[in-house]
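Okay, structure first, notes after.
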Amino acid sequence: MDVSEEKKVELQDIVDQLSALVQSDEDVRQDVAKLKSQFYKTLEQKASEEKARWVEDGGKEEDFVYNPAEEQEFKSLLEQYRVKRNMLAANREAMFEKAFEIKSSILKKLKEIVEHLDEKEINFQEVRQLQQQWKDAGQVAPDKYKDLIKQYQAYMDKFYDYAKINHELRNLDFKKNLEAKTELCEKAEALINMDRVNEAFQQLQKLHAEWKELGPVAPEVREELWQRFKAATDAVNKKHANFYKNKKEQEEENLRKKTELCEKVESIDYKNASTFKQWDEVSEKVKAIQSEWKTLGFAPKKDNNKIYERFRATCDEIFKAKSEFYKAIKARSASNLEQKKELCRQAEELQDSTDWKATTDKMIKLQQEWKKVGPVSGKVSDHVWKRFIAACDHFFEEKNKHFKENGGVKNVLKERDKLIKRYEALAADIKTRENNLGFLNYDPANPNPLVADMIKNIAKLKQDKENILSKIKEIETTLNSDEEQ
């Protein structure tokens, strides 16, 4: 099974792959190790992403917990694999020991035969049976195999060198061995073009073990056949060596690219970000770099964790700063809301007052204070503004009504009312335009015609508002003068 690091899968996909491996009776240790590395790398990335979202949404970093169900399932499968592997290992050791006992017994029989070649008639059938028994006995432990096969080959060589067997039988045995070794050559040559390099290398070792256990071929083809098998062996070994060489070079290249991404994310100027738009731009830059990081494979083992920790630490630092910014904005918004609620309360206390001159001054002062208070959340902005303006409008409407009923200033009041409404409409229009302008970038070196036009219009509206305010003050001065009279 080929576990590719660069193939991006979900945690459940990796769990499913491990589940399939647990059912296999083959040696899948390398595949399991790769899956384990891939799973915890993916788990760590997902945890980092979830943590960033948690913090971004206002959660406390120390309260973050990420325990996906896939992790428990993965650990359970690993434990099943460990138990099964131990069981297979125990069975394999038992098989190794049994094979060793059988082959040791065969060696004793071969030794008896070759030491008495000249004393009795050669039993060629017996030797062939021993050869078959040797092959059927299976593998022995690797640390015992070398001595066993060395003795076996020595006895077989001595048998064929000294045994006076029928020439026809000898040639028949040579032919049988030639066919078998030719087949091994073909199998070895087929491994050269095999894509799974590690598997090809492992199969080659098995072919070599079979080669050593086969008897000799005719002397005239012995060297040629061996050179053919050796050539295929050299090609497979070279491909295997190149595979690891290329893998090492790719890992070094990944390290270089990951180092560049670390430097890139470290160079982001997030400390000067002071608006929502600027922080959105910072976030997009970091996420783009993170996406590029995910396309890269492993760095060399000694550097892989270190470079990842460097990258993750910078990303975490940026998102933590973003979270602090949002918390500060939220706190200021809450403070502004309380101030505006207090202004609403004061305006509501004054709205039914009939002390027209003093209350007018107080209402105007409250309106001026309102302008100084910063913005609040959009969810409550309209509500609190309507509450405040309702109290102000109620007072001035009652004042206008009073003066209308008392006559003498009807036309002046009507004109003033129009000016006040015009003034309020201009103030609301300017506020809306300035809020919209805040979402656009203005670069003096490369001016945006739309932004420049908006700035020009806002300036004109502000001038109109000041002109109207002057007219209102003139009318108020006249009215106050009339009241005092």
Side-chain angles (χ1 to χ4, degrees), residues 1-11 13-14 17-18 20-21 24 26-49 74 78 142 187-208 228-268 285-316:
M1 176 177 186
D2 188 13
V3 180
S4 175
E5 174 203 352
E6 297 183 0
K7 182 180 179 182
K8 301 304 173 185
V9 294
E10 294 296 330
L11 291 176
D13 293 332
I14 304 175
Q17 292 181 53
L18 179 60
L21 289 180
S24 175
E26 298 179 359
D27 183 0
V28 293
R29 283 175 294 178
Q30 291 185 354
D31 290 339
V32 170
K34 290 180 180 179
L35 279 180
K36 185 176 179 181
S37 174
Q38 186 184 25
F39 180 89
Y40 283 106
K41 177 185 176 184
T42 304
L43 179 66
E44 189 172 30
Q45 290 174 343
K46 286 184 178 294
S48 179
E49 293 168 0
F74 191 78
L78 283 178
K187 289 181 178 179
E189 289 164 349
L191 295 177
I192 297 174
N193 297 320
M194 190 171 178
D195 292 333
R196 300 176 66 176
V197 178
N198 281 333
E199 185 176 337
F201 182 77
Q202 292 171 4
Q203 290 187 21
L204 179 65
Q205 310 315 307
K206 295 179 181 179
L207 295 182
H208 269 267
R228 177 182 175 183
F229 187 67
K230 183 176 181 299
T233 296
D234 292 342
V236 173
N237 286 338
K238 183 178 180 181
K239 187 175 181 180
H240 184 257
N242 287 337
F243 170 79
Y244 277 97
K245 178 183 177 183
N246 293 336
K247 181 182 178 184
K248 183 178 180 181
E249 292 175 351
Q250 183 59 55
E251 288 178 345
E252 291 292 343
E253 178 65 10
N254 291 339
L255 176 61
R256 184 188 67 77
K257 291 181 178 179
K258 287 186 173 184
T259 300
E260 289 180 354
L261 292 181
C262 285
E263 294 170 350
K264 192 173 181 181
V265 77
E266 289 164 356
S267 68
I268 295 176
K285 289 179 182 179
V286 175
K287 290 176 181 178
I289 296 173
Q290 288 177 329
S291 296
E292 187 175 352
W293 179 282
K294 293 176 182 178
T295 65
L296 300 176
F298 286 116
K301 188 174 182 179
K302 63 183 179 65
D303 301 303
N304 194 62
N305 289 338
K306 187 185 299 182
I307 193 68
Y308 176 68
E309 288 299 327
R310 174 183 173 183
F311 181 73
R312 187 180 67 175
T314 304
C315 293
D316 288 349

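Only heavy atoms go into these numbers, but all of them, side chains included; no hydrogens, no water, no symmetry mates.
- Annotation: side chain of K248 is not in contact with side chain of P300 (no heavy-atom distance under 4.5 Å).
- In this structure, E292 and K264 have side chains that are in contact, with non-hydrogen atoms separated by less than 4.5 Å.
- The two residues C262 and R310 come nearest to each other via the heavy atoms CB-NE, 3.6 Å.
- Looking only at side-chain heavy atoms (C-beta outward), L255 and T259 come within less than 4.5 Å of each other.
- Looking only at side-chain heavy atoms (C-beta outward), T233 and L207 stay at 4.5 Å or farther from each other.
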Exercise. Could you walk me through whether Y308 and K258 pass the side chain to side chain contact (heavy atoms under 4.5 Å, CB included) check?
Worked result: CA-CA 8 Å; Y308 176 68; K258 287 186 173 184; over 6 Å; no

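- In this structure, NE2 in H208 is found 6.5 Å from CD in Q205, a value given to the nearest 0.5 Å.
- Here CZ of R196 is found 9.5 Å from CD of Q202. Values are rounded to the nearest 0.5 Å.
- With rounding to the nearest 0.5 Å, the separation of CG in N193 from NZ in K239 is 6.0 Å.
- Although no hydrogens or angles enter the test, the distance criterion places no donor-acceptor pair under 3.5 Å between the side chain of S37 and the main chain of A33.
- Salt bridge R312/E309: present, at least one basic N to carboxylate O contact under 4.0 Å.
- Counting all heavy atoms, side chain and backbone alike, S48 lies closest to D316 at OG-OD1, 3.8 Å.
- For the pair K41 and F298, the cation sits on the ring face: its NZ or CZ lies under 6.0 Å from the ring centre, inside 45° of the axis.
- Put simply, the side chain of L21 does not reach to within 4.5 Å of the side chain of Q17, judged on heavy atoms.
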Problem set entry | salt bridge (Lys or Arg N to Asp or Glu O under 4.0 Å) between D234 and K230, intermediate numbers included | CA-CA 6 Å; D234 292 342; K230 183 176 181 299; 3.1 Å; yes

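- Heavy-atom minimum distance, F74 versus L35: CZ-O, 3.9 Å.
- Salt-bridge formation is detected for the pair R256/E253: a Lys NZ or Arg NE/NH1/NH2 atom is positioned less than 4.0 Å from an Asp or Glu carboxylate oxygen.
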For this session: Decide side chain to side chain contact (heavy atoms under 4.5 Å, CB included) for V32 and L78; before the verdict, give the C-alpha distance in whole Å, the side-chain angles of both, and the deciding distance to 0.1 Å.
Result: CA-CA 9 Å; V32 170; L78 283 178; 4.1 Å; yes

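- The distance from the OG1 atom of T314 to the CD1 atom of I268 is 9.5 Å, given to the nearest 0.5 Å.
- Separation of atoms CZ (F39) and NZ (K36) is listed at 11.5 Å; rounding is to 0.5 Å.
- E10 and K46 are joined by a salt bridge, as a carboxylate oxygen and a charged side-chain nitrogen come within less than 4.0 angstrom of each other.
- Between the side chains of Q203 and E199, at least one donor N or O lies within less than 3.5 Å of an accepting N or O.
- Residues C315 and V265 come closest through the heavy atom pair SG-CG2, 4.2 Å.
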Exercise. Which is it for N254 and Q250 under the side-chain hydrogen bond (donor to acceptor under 3.5 Å, both in side chains) test, yes or no, and what are the steps along the way?
Worked result: CA-CA 6 Å; N254 291 339; Q250 183 59 55; 3.0 Å; yes

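- The structure places CG of N237 at 11.0 Å from CG of N242, a figure rounded to the nearest 0.5 Å.
- Residues F311 and I289 come closest through the heavy atom pair CE1-CG2, 3.7 Å.
- The minimum heavy-atom distance linking L191 with A200 is given by the pair CD1-O, 3.5 Å.
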For this session: List the steps, then state whether salt bridge (Lys or Arg N to Asp or Glu O under 4.0 Å) holds for E189 with R228.
Result: CA-CA 9 Å; E189 289 164 349; R228 177 182 175 183; 2.7 Å; yes

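- Looking only at side-chain heavy atoms (C-beta outward), N198 and Y244 come within less than 4.5 Å of each other.
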